[in-house]
A.B. asks: 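Attaching a single structure in structure tokens format; questions to follow.
Chain naming here is simple, since letters A, B, ... match the order of the sequence lines and numbering starts at 1 in each.
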Protein chains: 2
Amino acid sequence: MRRAPQPLLLDLVFAALSDATRRGLLSRLIEGESTVGTLAEPLQMSLPAVSKHLRVLEDAGLLKRRIEGRTHYITANPKPLREAVNWIERHRQMWEGSFDRLAALMEQPPPEPPAKESSKPKKP
Amino acid sequence: MRRAPQPLLLDLVFAALSDATRRGLLSRLIEGESTVGTLAEPLQMSLPAVSKHLRVLEDAGLLKRRIEGRTHYITANPKPLREAVNWIERHRQMWEGSFDRLAALMEQPPPEPPAKESSKPKKP
DNA sequence: GTCTCGTTTAACCATTTGGTTAAATATTGT
DNA sequence: ACAATATTTAACCAAATGGTTAAACGAGAC
């Protein structure tokens with residue numbers, strides 16, 4: 001089944017984040033790659049339910065899936081969160097009238113997320 | 001570490017932000033207080049529809065309403081956005097492997113935005 | 001082959017969402 | 001008192017959401 005047209009990506013991201021179960025899944029993915037079954041195991045709901053939640057997150061671009069044999073390996077993908085947080089920060093800071101934290105966010109525009117082993121850019 | 005879930009409000013905030021019409025309303029409120037009718041006017045939908053959207057935003061704590069006579073004056077309330085952006089930043093930065101901007105976010109709980117020419121508030 | 005495993009799809013159900021129009025409410029103006 | 005204004009509430013509808021169970025699919029194991 002193909003997806004319907006395209007609702008704005010921001011719509012999908014915020015909608016995906018609006019469910020505590022899905023936020024919980026994302027939280028657990030901080031610890032690294034996992035599988036559908038592993039993710040479902042502690043949750044008190046059926047496997048198809050978890051599968052659906054993962055699909056919502058995937059449609060929002062918040063996770064990537066690597067299928068290997070019969071196992072689906074899931075990892076979090078932070079990229080769409082950038083846009084979401086930018087929207088929020090833009091508004092929050094205009095309302096709060098303090099722009100310096102917005103500036104801090106803005107100073108990282110280059111889309112360069114290559115390193116798996118990350119060099120942590122330290123602030124001098 | 002496991003953060004005890006604080007589910008309800010975050011659910012409401014993210015759900016409220018997941019609709020482009022509502023985000024548009026919030027954007028327009030950057031320019032200051034407005035009324036229901038004024039907010040509804042450019043939108044191609046009925047007044048009750050706008051009223052419902054405003055209620056969703058209000059339930060999420062994202063706006064405040066000052067009733068004066070028969071007119072409802074609406075202003076944006078950025079406070080709940082703090083929690084939302086904290087959630088996102090916490091996760092985004094863990095996935096992206098850079099923690100310093102998270103630290104920057106975390107170290108500003110007191111509502112004290114004094115200097116316009118700002119340095120980062122230092123914690124010695 | 002057959003069986004089990006990991007996962008999705010299908011079909012269904014109840015609730016919520018986003019919209020409508022019509023009516024109600026409350027306030028202001030004449 | 002009456003009418004106009006600003007907004008909400010009520011009633012309804014279609015579609016989306018979040019869950020279920022049962023069936024299907026694809027890959028390893030025996």
A.B. asks: As a test of reading the structure: which of dT7(C), dT8(D), dG18(D) is closest to the side chain of Leu47(B), going by heavy atoms?
C.D. replies: dT8(D)
A.B. asks: Does a side-chain N-to-carboxylate-O contact under 4.0 Å join Asp19(B) and Arg23(B)?
C.D. replies: no
A.B. asks: Kindly give the heavy-atom pair with the smallest separation between Ala40(B) and Val50(B), and that separation in Å.
C.D. replies: CB-CG2, 3.6 Å
A.B. asks: Nearest-Å distance, CG (Leu54(B)) to P (dG19(C))?
C.D. replies: 12 Å
A.B. asks: Can you check the Asp11(A) CG to dT17(D) P distance for me, whole Å?
C.D. replies: 11 Å
A.B. asks: Send over the distance from His53(B) NE2 to dT8(D) P, rounded to a whole Å.
C.D. replies: 13 Å
A.B. asks: Which nucleotide sits closest to the side chain of Arg22(A): dG19(C), dG18(D), dT7(D)?
C.D. replies: dG18(D)
A.B. asks: For the pair made of CD in Glu58(B) and P in dT7(D), what is the distance, rounded to whole Å?
C.D. replies: 13 Å
A.B. asks: Identify the heavy atoms of Ser34(A) and Leu29(A) that sit nearest to each other, and give their distance.
C.D. replies: CB-CD2, 4.0 Å
A.B. asks: Ser46(B) has a side chain; which of dT8(D), dG19(D), dT21(C) sits nearest to it?
C.D. replies: dT21(C)
A.B. asks: State which of dT9(C), dT8(D), dG18(C) makes the closest approach to the side chain of Arg65(B).
C.D. replies: dT8(D)
A.B. asks: Considering only nitrogen or oxygen atoms on both sides, find all protein atoms under 3.5 Å from nucleotides 23-26 of chain D and state each distance.
C.D. replies:
none

A.B. asks: Give the rounded distance in Å between these two atoms: CZ of Phe14(A) and P of dA16(D).
C.D. replies: 21 Å
A.B. asks: Calculate the interatomic distance between Leu25(B) atom CG and dG18(C) atom C1'; express it in whole Å.
C.D. replies: 13 Å
A.B. asks: Could you check how far NZ of Lys52(B) sits from C1' of dT7(D), rounded to whole Å?
C.D. replies: 14 Å
A.B. asks: Start with the C-alpha gap between Lys64(A) and Glu58(A), add the side-chain angles, then the distance that decides, and say whether salt bridge (Lys or Arg N to Asp or Glu O under 4.0 Å) holds.
C.D. replies: CA-CA 6 Å; Lys64(A) 287 183 303 188; Glu58(A) 195 177 12; over 6 Å; no
A.B. asks: Would you say Ser51(B) reaches dT8(D)'s phosphate, i.e. side-chain N/O to OP1/OP2 under 4.0 Å?
C.D. replies: yes
A.B. asks: Looking only at non-hydrogen atoms, find the nearest pair between Leu57(A) and Ala16(A) and report the distance.
C.D. replies: CD2-CB, 4.0 Å
A.B. asks: To the nearest Å, how far apart are Met45(B) CE and dT20(C) P?
C.D. replies: 7 Å
A.B. asks: Just checking, is any N or O donor in the side chain of His91(A) or Ser27(B) under 3.5 Å from an acceptor N or O on the other one?
C.D. replies: yes
A.B. asks: Stepwise, does the side-chain contact (heavy atoms from CB on, under 4.5 Å) test hold for Leu54(A) with His72(A)?
C.D. replies: CA-CA 11 Å; Leu54(A) 291 174; His72(A) 294 211; over 6 Å; no
A.B. asks: Go nucleotide by nucleotide along DNA chain C from the 5' end; which of Thr21(B) and Glu68(B) gets its closest nucleotide reached first?
C.D. replies: Thr21(B)
